[in-house]
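See below for the structure under consideration.
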Amino acid sequence: MRALHPLVALLTALQIATLSFSVSANTDSAQYEKGQTLSQYCMGCHGEAGIANIESNPNLAGQNKPYLVYALKAYRDGIRKGGMASIMRPNASGLSDDDIDALATYFAAQSGKQTTSQSGNN
């Protein structure tokens, strides 16, 4: 069997990588859209696009995706107790793993709350 010319091998590898990226991007896009739809149920406490209007409620926008997945599963599964768990558990109890991934994808992609620094005296 004859070996492929290195340039042909490289081009083939690039085509496969591009196809894989395209499938991944479409999956992420679908998860983002699903998360955006599901996020409507979060707005009351966590604000539009995950920026809470009430200071005591956490912002979800810009949060790390793995943390959001962990936290939502912990609320859903009754692992997190205390604090706002009594509110979050009923809200998270109906979420599937895929729903949680979609919400985490959406909120992690949002811009976090921008703070302004105050200049003090030097």
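Reckoned from all heavy atoms, side chains included, excluding hydrogens, waters and symmetry mates. Note that this is a predicted model, so its numbers are computed, not measured.
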Residues forming a side chain to side chain contact (heavy atoms under 4.5 Å, CB included) with Asp77, sequence neighbours excluded: Lys73, Ile79
Note: Gln40 and Gln36 closest approach over all heavy atoms is NE2-O, 3.0 Å
What is the minimum heavy-atom distance between Ala92 and Leu72, and which atoms define it? CB-O, 4.0 Å
Partner residues of Ser96 under the side-chain hydrogen bond (donor to acceptor under 3.5 Å, both in side chains) criterion, sequence neighbours left out: Asp99
Would you indicate whether the side-chain heavy atoms of Leu68 and Leu60 approach each other to under 4.5 Å? yes
What are the two closest non-hydrogen atoms of Ala85 and Arg80, and how far apart are they? CB-O, 3.3 Å
Looking at CD of Gln63 and NE2 of His46, how far apart are the two atoms once the value is rounded to the nearest 0.5 Å? 11.0 Å
Looking only at heavy atoms, what is the nearest atom pair of Cys42 and Leu103, with distance? SG-CD2, 4.3 Å
Would you compute the distance between atom CZ of Phe107 and atom CG of Asn64 and round it to the nearest 0.5 angstrom? 14.5 Å
Closest non-hydrogen atoms of Ser111 and Ala61, given as atom of the first, atom of the second and distance, are O-CB, 3.3 Å
Mind checking what makes side chain to side chain contact (heavy atoms under 4.5 Å, CB included) contact with Ala49, not counting sequence neighbours? Tyr106, Gln110
Mind checking salt bridge (Lys or Arg N to Asp or Glu O under 4.0 Å) for Arg76 and listing every partner two or more places apart, or none if nothing turns up? Asp97
What heavy-atom pair brings Thr105 and Asp28 nearest, and what distance separates the two atoms? CG2-O, 4.1 Å
Looking at Ile87, is its backbone amide N or carbonyl O close enough to the side chain of Asn91 to form a donor-acceptor pair, meaning the two atoms are under 3.5 Å apart? yes
Hey, could you give me each pair passing ring-ring contact (aromatic ring centres under 6.0 Å, His included) that has a residue in residues 54-77? Not counting sequence neighbours. none
side-chain hydrogen bond (donor to acceptor under 3.5 Å, both in side chains) partners for Ser39, two or more places apart: none
